[in-house]
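One structure is given below, encoded as structure tokens.
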Amino acid sequence: MQIPSKYDASQVETKWYNYWMKHNYFHSEPDDREPYTIVIPPPNVTGVLHMGHMLNNTIQDVLIRRARLQGKNACWVPGTDHASIATEAKVVAKLKEEGIDKNDLSREEFLKHAWDWTHEYGGVILEQLKKLGCSCDWDRTKFTMDGDMSEAVIKVFVDLFNKGLIYRGYRMVNWDPEAKTTLSDEEVIYEERQGNLYYLKYKILNEDGSPPDSYRDSEGLGEALTIATTRPETIFGDTAICINPNDARFKHLKGKKAIVPICNRVIPIIEDDYVDMEFGTGCLKVTPAHDENDKNLGDKHSLMVVDIFNDDASLNSFGLHYQGKDRFVVRKEITKELEDKGFLVKTESHINKIGTSERTKAIIEPRLSDQWFLKMEDLVKPAIKAVLGENSEIKLFPKKFENTYRHWMENIRDWNISRQLLWGQQIPAYYYGDGKEDFVVAETIDDALKLAKQKTNNQQLTTNNLIQDTDALDTWFSSWLWPISVFDGIRHPENKDIKYYYPTNDLVTGPDILFFWVARMIIAGYEYKGEKPFENVYLTGLVRDKQRRKMSKSLGNSPDALKLIEEYTADGVRVGLLLSSAAGNDLLFDESLCQQGKGFGNKVWNAYRLVDGWDIDDTIPQPNSSKIAVDWYESKFQKMLLDIEDHFSKYRLSDALMTIYKLIFDDFCGWFLEMIKPEYQKPIDAKTFKSAIAIFENNLKIMHPFMPFLTEDIWHYIAERTPEEALIISKWPEPKSINESIITEFEFASEVISGIRNIRKQKNIAFKDAIAFSVINNEKAHATFDDVIIKLVNLEGINYVSEAVDGALTFRVKSNEYFVPMAGSVNVEEEIKKLTDELNYTEGFLKSVQNKLSNERFVAGAPEQVIANERKKEADALAKIETLKTSLASLG
RNA sequence: GGGCGACUAGCUCAGCUGGUUCAGAGCAUUUGGUUUACACCCAAAGGGUCAGGGGUUCGAAUCCCUUGUCGCCCA
């Protein structure tokens with residue numbers, strides 16, 4: 001088939017993606033081949049493709065396509081997660097626009113809206129992955145809220161509860177008052193904000209409630225002590241004042257009581273060395289309901305807990321006349337009131353770090369609440385050993401993340417797995433009474449009823465007496481099972497899929513979810529399969545813009561993925577993303593990289609157009625230059641193939657790609673095709689053509705994982721192929737022996753060619769004028785490439801001589817001297833200068849080498865190989881000096 | 001405040017257990033090219049005290065100490 005002069009990417013991409021789908025190449029079923037499995041890190045079901053996804057999934061596709069070419073049974077399982085917080089927030093916002101308040105809806109009604117939303121927007125991102133060329137097994141697409149997936153999650157919850165690993169605790173949690181849910185520590189972003197330190201006066205009472213005669217505050221005699229706080233609105237929750245027992249300034253306050261301004265609550269003054277004597281006034285107000293450290297103090301000293309906030313962080317009835325007002329409004333207003341009433345001593349500006357919600361950006365409120373926790377202490381042990389142990393079963397790429405992993409795992413805290421949300425798996429705990437322990441945990445309400453009857457000995461209970469916990473499980477509590485549950489390995493641990501595909505091979509994800517997800521999957525893997533979930537973890541860098549900002553939707557600095565593909569082709573974007581993204585290094589995204597990728601595609605396309613345009617004549621013999629060219633490229637290809645394998649084995653995909661890029665661009669297009677190119681409008685011999693096609697096919701194979709569309713397209717122009725012969729399922733090139741000497745000889749020859757080209761250029765000699773050429777072959781260089789040299793720079797021939805040629809321009813490669821006769825146009829002085837410069841340089845070089853060699857300690861201490869190399873350098877330099885001196889003598 | 005990591009050409013990065021892969025690659029820049037595959041191209045050139053300082057060594061980008069700057073994670 002005639003190849004078009006321009007590559008029409010969008011048409012080609014659609015055509016071949018459809019073809020691949022139609023012939024089911026992406027689908028995998030267990031068989032007797034070696035499996036190669038990747039599970040996708042499930043993106044948010046309602047998300048859209050951003051640069052991070054593109055990078056991530058390009059890498060996975062490269063790995064999976066390569067495995068497929070290597071004859072493995074490649075299976076890439078795609079899917080999405082339900083992203084409870086993000087999705088619920090979106091649904092709530094949408095309902096709000098329609099004038100519906102989430103709180104007016106029943107759970108079922110809300111979930112219906114959420115499912116509608118999921119069905120409408122869900123899966124968009126998967127369609128976008130197809131545009132990138134991702135060869136996922138779409139028949140296996142999973143969603144964390146699918147029936148079977150949810151069942152697995154619930155089953156695991158019940159199991160862990162029965163093992164005593166899940167418990168209910170009253171804990172200080174990060175409360176997002178906007179989403180009205182709990183966040184894990186990892187979902188809280190700490191930011192420095194400018195705030196104030198308010199100095200408040202608390203009046204003092206004797207233990208019996210009578211006012212003291214006198215006492216000191218930090219400024220001398222007075223009637224009150226002063227406390228610095230950043231949050232004056234929380235005074236309504238104060239239940240103690242704390243001083244450091246070692247603080248001489250406050251000794252007299254021991255055992256006394258204080259009166260909280262405005263609400264006039266009388267609270268004890270306690271002592272604890274937790275208090276920092278340097279900070280503020282050295283007195284701390286204790287608000288156990290609203291600060292983690294205060295909670296600890298409260299527990300230690302058995303203090304009252306007064307929660308002053310509603311779930312939206314407005315004040316409740318403890319806030320008295322501020323009831324119903326937002327915390328920040330109250331902060332302003334109460335400052336005014338405190339000032340008016342003389343309680344506010346002074347205000348200082350103060351920078352403090354505050355937690356904000358990763359999702360809603362709202363300022364986090366520490367809050368006490370009933371939560372479900374998973375005990376991590378024992379679960380984490382096999383997961384630490386697997387990554388950091390002697391014979392680690394799981395490898396992280398790059399290795400530097402092992403330290404990060406260790407640090408987190410060794411300081412792990414119990415995992416708060418409950419979320420005050422509707423969108424997610426509802427916690428399978430059923431309450432039958434008001435007591436703290438009046439609940440049972442079971443997979444179904446019927447099982448729960450049985451358990452409840454047993455526990456209460458009350459046979460009269462019915463399902464109507466059971467109320468299920470209203471919280472949902474953390475989304476990560478679904479995705480930590482992902483490598484198991486996508487193969488239904490929780491519900492049916494012996495099914496053939498899980499037995500064949502598990503453990504999976506590679507996991508590709510961002511380092512930002514090393515803990516949320518990767519570590520937890522490892523934990524779940526050992527707990528539920530007794531085995532690692534994957535062998536290698538490739539941690540990609542974050543994609544940043546040119547100003548080093550993380551690309552995010554909120555900043556609006558992420559380019560539209562599909563537009564990029566449209567502009568630079570899918571292959572171009574893939575290549576652009578991979579070219580400069582070593583594992584674990586952040587990638588500074590620049591569109592020009594995609595341009596380079598597209599340019600590479602164009603180069604390959606045109607290379608094929610060249611080959612395709614040749615007429616073949618099977619009557620003419622193969623020229624020697626072509627034979628050498630084929631031998632050389634085949635060896636070069638094999639050598640690079642080894643390099644590529646090595647890069648892949650270390651997950652250095654950008655290096656593998658760069659090796660391919662240079663092989664194709666420089667060696668194949670720049671050298672090989674020029675060597676075998678027939679004269680203008682002349683045919684090519686059949687033997688060379690056949691070799692060229694075979695070489696081209698091998699090139700396409702190694703390029704295919706990176707540039708699947710273009711390569712498949714050209715593959716089918718080369719020949720009519722059946723579906724069984726498609727490139728996507730062809731065979732990765734077999735390793736063959738390498739002729740190292742021909743590669744070295746080529747390198748020498750290319751320097752000769754370069755020397756001749758320089759002379760042509762200097763003297764403006766048109767290419768079509770053949771030139772005479774002589775050499776004094778001091779190096780005894782092989783003549784293998786002579787015919788190639790003659791062809792590439794259009795020589796009349798190569799004369800081997802033993803004496804310098806008069807009236808010629810010269811250049812040297814090592815100690816070989818080359819002559820291009822140029823009657824009349826040789827400037828002797830210039831030649832002398834050139835030679836003298838070269839001589840001076842070489843003599844300097846020789847001296848440095850000889851200095852080294854005459855250093856006894858060097859000769860005694862350095863390994864033999866190093867000394868031999870130095871001696872070789874010395875010999876080469878001496879030979880070159882000899883050549884230069886001879887030349888100078890003949891000129892001069 | 002604690003931990004981890006980085007700093008090499010204008011940019012992005014490679015450089016493994018010190019020594020011919022030791023100062024490299026790609027891009028960018030400059031210069032020159034209408035060679036009928038490709039200007040999304042070809043040929044060539046310039047450009048770095050390897051963050052600063054100190055040490056170990058015959059020899060340090062590489063190992064050690066120290067200072068600085070930046071990033072990430074955790075309080």
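Computed over heavy atoms, backbone and side chain alike; hydrogens, waters and symmetry mates excluded. A, B, ... follow the sequence lines: proteins, then strands. Residue 1 opens every chain.
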Problem set entry | Span that lies between the P atom of B:rC73 and that of B:rG55, in whole angstrom | 38 Å
Exercise. Just checking A:Lys662: base, sugar-phosphate only, or nothing, at a heavy-atom cut-off of under 4.0 Å?
Worked result: sugar-phosphate
For this session: Compute whether any side-chain donor of one residue and acceptor of the other, for A:Tyr651 and A:Asn536, lie under 3.5 angstrom apart.
Result: yes
For this session: Taking only Lys NZ, Arg NE, NH1 and NH2, and the carboxylate oxygens of Asp or Glu, determine whether A:Asp646 and A:Lys650 approach each other closer than 4.0 Å.
Result: yes
For this session: Whole angstrom is fine here: how far is it from CE in A:Met675 over to P in B:rU35?
Result: 21 Å
Problem set entry | Pairwise P distance for B:rU62 and B:rU56, with rounding to whole Å | 15 Å
Exercise. With the threshold set at 4.0 Å, does a side-chain nitrogen-carboxylate oxygen contact exist between A:Lys395 and A:Glu402?
Worked result: no
Exercise. Of the candidate nucleotides B:rC42, B:rC73, B:rA37, which contains the atom at the shortest distance from the side chain of A:Phe515?
Worked result: B:rC73
Exercise. Just checking, any donor-acceptor pair under 3.5 angstrom between side chains of A:Thr810 and A:Arg812?
Worked result: yes
For this session: Would you classify A:Tyr405 as touching base, sugar-phosphate or nothing, given that sugar-phosphate means primed atoms plus P, OP1 and OP2, and contacts are heavy atoms under 4.0 Å?
Result: nothing
For this session: Figure out the CG/P separation between A:Leu710 and B:rC38, and round it to whole Å.
Result: 17 Å
For this session: Verify the distance criterion only: is there a donor paired with an acceptor across the side chains of A:Asp474 and A:Trp415 at less than 3.5 Å?
Result: yes
Exercise. Expressed as a whole number of Å, how far does the C1' atom of B:rA61 sit from that of B:rC16?
Worked result: 14 Å
For this session: Identify whether the distance between the nearest side-chain nitrogen and carboxylate oxygen of A:Lys880 and A:Asp876 falls below 4.0 Å.
Result: no
Exercise. B:rU34 pairs with which nucleotide, Watson-Crick or G-U wobble, both distances below 3.5 Å?
Worked result: none
Exercise. Any Lys/Arg nitrogen of A:Glu870 or A:Lys873 sitting under 4.0 Å from an Asp/Glu carboxylate oxygen of the other?
Worked result: yes
Exercise. RNA chain B: A:Asp655 or A:Tyr661, which has the more 5' nearest nucleotide?
Worked result: A:Asp655
For this session: Give one of base, sugar-phosphate or nothing for A:Glu674, where a contact means two heavy atoms less than 4.0 Å apart.
Result: base
For this session: Please tell me which of A:Asn758 and A:His407 maps to the more 5' nucleotide of RNA chain B, matching each residue to the nucleotide holding its nearest heavy atom.
Result: A:His407
Problem set entry | Nucleotide of B:rA37, B:rU36, B:rG2 approaching A:Tyr680 most closely (side-chain heavy atoms) | B:rU36
Problem set entry | Between B:rC64 and B:rA45 - C1' atom distance, rounded Å | 41 Å
For this session: To the nearest Å, give me how far apart CZ (A:Arg413) and P (B:rC74) are.
Result: 10 Å
Seminar exercise, completed: pair_partner(B:rG48), Watson-Crick or wobble, both distances < 3.5 Å, evaluates to none
Problem set entry | Any A:Lys603 side-chain N or O less than 4.0 Å from OP1/OP2 of B:rA37 | no
For this session: Using the C1' atom as the reference point in each nucleotide, state the distance between B:rC65 and B:rU57 in Å, no decimals.
Result: 16 Å
For this session: Send over the distance from A:Ile756 CD1 to B:rA43 P, rounded to a whole Å.
Result: 15 Å
Exercise. Does a nitrogen or oxygen in the side chain of A:Ser754 sit under 4.0 Å from OP1 or OP2 of B:rA44?
Worked result: yes
Exercise. Which whole number of Å gives the distance between the P atom of B:rA28 and that of B:rC72?
Worked result: 29 Å
Problem set entry | Atom C1', compared across B:rC22 and B:rG3: separation rounded to whole Å | 34 Å
Seminar exercise, completed: note: A:Asn764, atom CG; B:rA44, atom P; distance rounded to Å ~ 16 Å
Problem set entry | Selection from B:rC27, B:rC40, B:rC42 that lies nearest to any side-chain heavy atom of A:Gln596 | B:rC27
Exercise. How would you label the glycosidic angle of B:rU21: syn (within 90° of 0) or anti?
Worked result: syn
Problem set entry | Value in whole Å for how far the C1' atom of B:rA37 lies from CD1 of A:Ile664 | 15 Å
Problem set entry | Distance test, side-chain N/O of A:Asn403 to OP1/OP2 of B:rG5, below 4.0 Å | yes
Exercise. Closest to the A:Lys873 side chain: B:rG2, B:rC27, B:rU20?
Worked result: B:rU20
For this session: Ignoring the backbone of A:Gln595, work out which of B:rC27, B:rC40, B:rA37 is nearest its side chain.
Result: B:rC40
Seminar exercise, completed: note: A:Leu578, atom CG; B:rU12, atom P; distance rounded to Å ~ 19 Å
Exercise. Is B:rU20 in the syn range, within 90° of 0, or in the anti range?
Worked result: syn
For this session: Could you check whether A:Lys768 gets within reach of a base, just the sugar-phosphate, or nothing at all, counting any heavy atom under 4.0 Å?
Result: nothing
Problem set entry | Assigned partner base of B:rG1, Watson-Crick or wobble definition, under 3.5 Å | B:rC74
For this session: In whole angstrom, give the distance that lies between atom CZ of A:Arg609 and atom C1' of B:rC41.
Result: 12 Å
Exercise. Looking at A:Lys833 and A:Glu838, does any basic side-chain N land under 4.0 Å from a carboxylate oxygen?
Worked result: no
Problem set entry | Where the chi angle of B:rU49 falls, syn if within 90° of 0 and anti if not | syn
Problem set entry | Span that lies between the C1' atom of B:rG33 and that of B:rG48, in whole angstrom | 30 Å
For this session: Output yes when at least one side-chain N/O atom of A:Arg652 is less than 4.0 Å from OP1 or OP2 of B:rG15, else no.
Result: yes
